[in-house]
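Labels below follow one simple rule: chain letters A, B, ... track the order of the sequence lines, proteins then strands, and each chain is numbered from 1. Because the structure is a prediction, the values reported are computed rather than measured.
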Amino acid sequence: MLEIKLLRENLELVKTAMQNRGTAIDWEAFQTHDARRKTILCELEELRRQRNHVSDQVARMKRSGENADAIIEKMRDVSVTIKRLEKDLGVSESVIDEIIMAMPNIPHDSVPVGRDETDNPVIKTVGEPTTFTYDPLPHWTIGENAGILDFARAAKIAGARFPLYLGVGARLERALINFMLDLHTREHGYQEVLPPFIVNRKTMTGTGQLPKFEEDLFKLEGLDYFLIPTAEVPVTNIHQAETLDVSRLPITYTAYTPCFRSEAGSYGKDTRGLIRQHQFNKVELVKFVRPETSYGELESLLDNAETVLRRLELPYRVISLCTGDIGFSAAKTYDIEVWMPAQHVYREISSCSNFEDFQARRTNIRFKEKGKKGTRLVHTLNGSGLAVGRTLAALLENGQREDGTVIIPHVLRPYMGGMEKIAP
RNA sequence: GGAGAGGUGGCCGAGCGGCUGAAGGCCCCGCUCUCGAAAAGCGGUAUCCUGCCAAAAGCGGGAUCGUGGGUUCGAAUCCCACCCUCUCCGCCA
């Protein structure tokens with residue numbers, strides 16, 4: 001969430017940012033209730049001051065054995081008024097709160113202004129799109145031919161948009177997870193964590209999935225629990241309501257989790273294959289950093305994610321999301337897109353974002369510097385490192401050969417018991 | 001699921017209706033002592049909002065003792081609900 005001071009002191013800046021994002025806000029309601037809040041609060045604090053003062057007096061009189069009935073009687077009215085004002089204040093505050101909680105982050109100055117994904121500039125392209133002497137097969141055909149993916153049986157078990165990996169396929173998925181975790185922990189210095197896959201409402205609100213995007217989530221019937229759509233949610237909330245010592249920063253975590261998404265509103269999109277599933281695996285990177293360093297940390301986070309693709313020898317490109325396409329909580333986002341030969345397109349395989357203090361304010365994560373007064377909010381970042389199902393899909397499509405075999409990248413072979421290729 | 005105990009500041013821990021934002025201790029930070037360090041002594045040390053102020057400092061006001069309600073002139077303290085932790089019993093991967 002945004003700092004309310006920013007809205008009061010720099011409303012035009014925020015309005016422009018919301019416009020660039022294409023988000024409509026009820027500014028009138030905000031201003032009405034903010035003004036009302038202030039009026040009530042002034043009055044309320046004055047009455048509370050009186051009450052505190054008189055209470056003190058009563059205490060002193062009682063101690064010295066005097067009769068305080070007269071002033072106690074007088075305070076009765078004040079007390080009633082205080083209760084009434086507190087109620088009124090609560091109403092205005094919850095209206096303000098509702099508006100602010102539904103308000104997205106302000107994009108960083110370096111974020112290109114644009115309407116939708118067609119306006120996202122390409123930052124760089126790494127590697128050349130894989131070329132074939134024949135029409136490359138889609139990964140679902142390769143996977144089904146090789147007997148390592150079975151979407152029909154997955155549909156019997158759960159329904160559409162669920163994966164079933166078999167044999168070498170299951171092992172390859174696990175190999176990818178292990179390879180990514182090993183890379184990030186051993187070479188990039190992240191600490192591995194394995195968090196809960198179900199979280200409560202407060203946690204889901206902290207990272208920004210709630211209150212606005214409840215329909216995108218799987219909710220447990222009758223309980224206030226949700227399946228996580230990404231490890232970002234539980235991992236960022238590890239330090240919920242904590243004040244960290246500055247010497248601990250940056251804190252960097254990597255986590256493997258399954259991710260669950262309802263994919264509401266994506267009917268008919270990417271219906272085949274591993275691209276858009278209700279359940280998929282992901283290795284996530286999360287950072288808690290000092291504000292001064294967060295944009296540098298975003299670049300290194302991006303590089304950490306890119307390293308996975310480079311080691312796997314997959315061609316990819318990096319784009320910068322424009323103001324109209326950037327996520328709710330993010331101030332800046334890079335997407336990494338991997339080359340998918342069968343569809344002849346680059347597909348998102350990682351999303352790396354700096355949230356600045358947006359999530360830190362919601363989750364109340366601060367840090368304290370020695371010798372300095374007060375605390376400051378940390379900046380949080382996260383990125384996929386990478387989406388595992390999509391990575392496997394990319395490996396199948398890019399590594400396929402005309403005879404139906406798929407070459408396993410060198411870095412994965414130790415994780416596959418030395419296996420060099422998948423044969424149908 | 002049944003029975004009990006408990007949630008207080010960075011940490012430990014006292015308080016159980018009024019002079020308590022909270023004793024005492026630890027940690028940490030200054031200073032004294034020392035060639036330096038340790039020890040000892042002295043002092044300081046929560047957060048958020050807000051008013052005065054250009055700002056900082058400073059001074060003033062409000063809030064915060066798991067969360068939310070209630071009782072009361074007044075609540076860390078009493079009552080209710082919820083959340084969490086711990087112990088014992090049962091069940092269970």
### Summary
Counting primed atoms, P, OP1 and OP2 as sugar-phosphate and everything else as base, the B/S/- map of nucleotides 65-70 of chain B against protein heavy atoms under 4.0 Å is ------

Look at atom [atom1] of [X] and say whether more than 12 heavy atoms of other residues, nucleotides or ligands are closer to it than 6.0 Å.
X        : atom1 : answer
A:Arg8   : CZ    : yes
A:Glu98  : CD    : no
A:Arg310 : CZ    : yes
A:Phe197 : CZ    : yes

### Query
Given pairs defined as Watson-Crick or G-U wobble with both distances under 3.5 Å, what dot-bracket annotation applies to RNA chain B, with ( ) intrastrand, [ ] crossing, | other strand and . unpaired?
((((((((.[[[..)..(.....]]].(((((.......))))).(((((((.....))))))).[[[[[..)....]]]]])))))))....

Regarding [X], tell me which of base, sugar-phosphate or nothing describes its non-hydrogen contacts under 4.0 Å with the strands shown.
X        : result
A:Asp245 : nothing
A:Val54  : nothing
A:Thr243 : nothing
A:Arg51  : sugar-phosphate

Interatomic distance at [atom1], [N] relative to [M], whole Å:
N     : M     : atom1 : value
B:C73 : B:C83 : C1'   : 32 Å
B:G17 : B:C89 : C1'   : 38 Å
B:G18 : B:A76 : P     : 10 Å
B:G60 : B:A40 : P     : 35 Å
B:G7  : B:A93 : C1'   : 30 Å

### Message
Looking at A:Ser353 and A:Phe355, would you say the former's side chain and the latter's main chain have a donor-acceptor pair under 3.5 Å?
### Response
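Checked: no pair found.
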
### Task
Check whether any side-chain N or O of A:Asp357 sits under 3.5 Å from a backbone N or O of A:Ala360 as a donor-acceptor pair, and report yes or no.
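Not confirmed, A:Asp357 side chain does not pair with A:Ala360 backbone.
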
Of all the choices, [options], which nucleotide is nearest to the side chain of [X] once you look at every atom?
X        : options             : value
A:Arg49  : B:C73, B:A63, B:G61 : B:G61
A:Lys62  : B:C84, B:G18, B:A63 : B:G18
A:Arg8   : B:G61, B:G74, B:U50 : B:U50
A:Ser55  : B:A63, B:C48, B:C73 : B:C73
A:Tyr225 : B:C84, B:C73, B:A63 : B:C84
A:Lys5   : B:U50, B:C73, B:C48 : B:U50

#### Entry: With sequence neighbours excluded, residues passing side-chain hydrogen bond (donor to acceptor under 3.5 Å, both in side chains) with A:Glu242
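Result, side-chain hydrogen bond (donor to acceptor under 3.5 Å, both in side chains) vs A:Glu242: A:His239.
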
### Task
Report the residues that fulfil ring-ring contact (aromatic ring centres under 6.0 Å, His included) with A:His33, sequence neighbours left out, ordered by chain and then residue number.
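For A:His33, no residue satisfies ring-ring contact (aromatic ring centres under 6.0 Å, His included) once neighbours in sequence are set aside.
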
#### Entry: With sequence neighbours excluded, residues passing ring-ring contact (aromatic ring centres under 6.0 Å, His included) with A:Tyr190
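A:Tyr190: ring-ring contact (aromatic ring centres under 6.0 Å, His included) contacts with A:His184.
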
### Message
Below 4.0 angstrom, which residues in residues 35-45 of chain A have at least one non-hydrogen atom near RNA chain B?
### Response
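Residues of residues 35-45 of chain A under 4.0 Å from RNA chain B: A:Lys38, A:Glu45.
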
### Query
How about A:Thr23 and A:Ile25: do any of their side-chain heavy atoms sit closer than 4.5 Å?
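Side-chain contact under 4.5 Å: yes.
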
### Query
Does the ring center of A:Phe218 lie less than 6.0 Å from the ring center of A:Phe226?
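Between A:Phe218 and A:Phe226, the centre distance exceeds or equals 6.0 Å.
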
### Query
How long is the line joining CZ of A:Arg361 and C1' of B:U47, in whole Å?
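Nearest whole value for this atom pair: 16 Å.
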
### Message
Working to the nearest 0.5 angstrom, can you tell me the gap between A:Arg290 CZ and A:His379 NE2?
### Response
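The distance works out to 11.0 Å.
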
### Query
For RNA chain B, whose closest nucleotide is more 5', that of A:Asp56 or that of A:Ile71?
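Counting from the 5' end, the first nearest nucleotide belongs to A:Asp56.
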
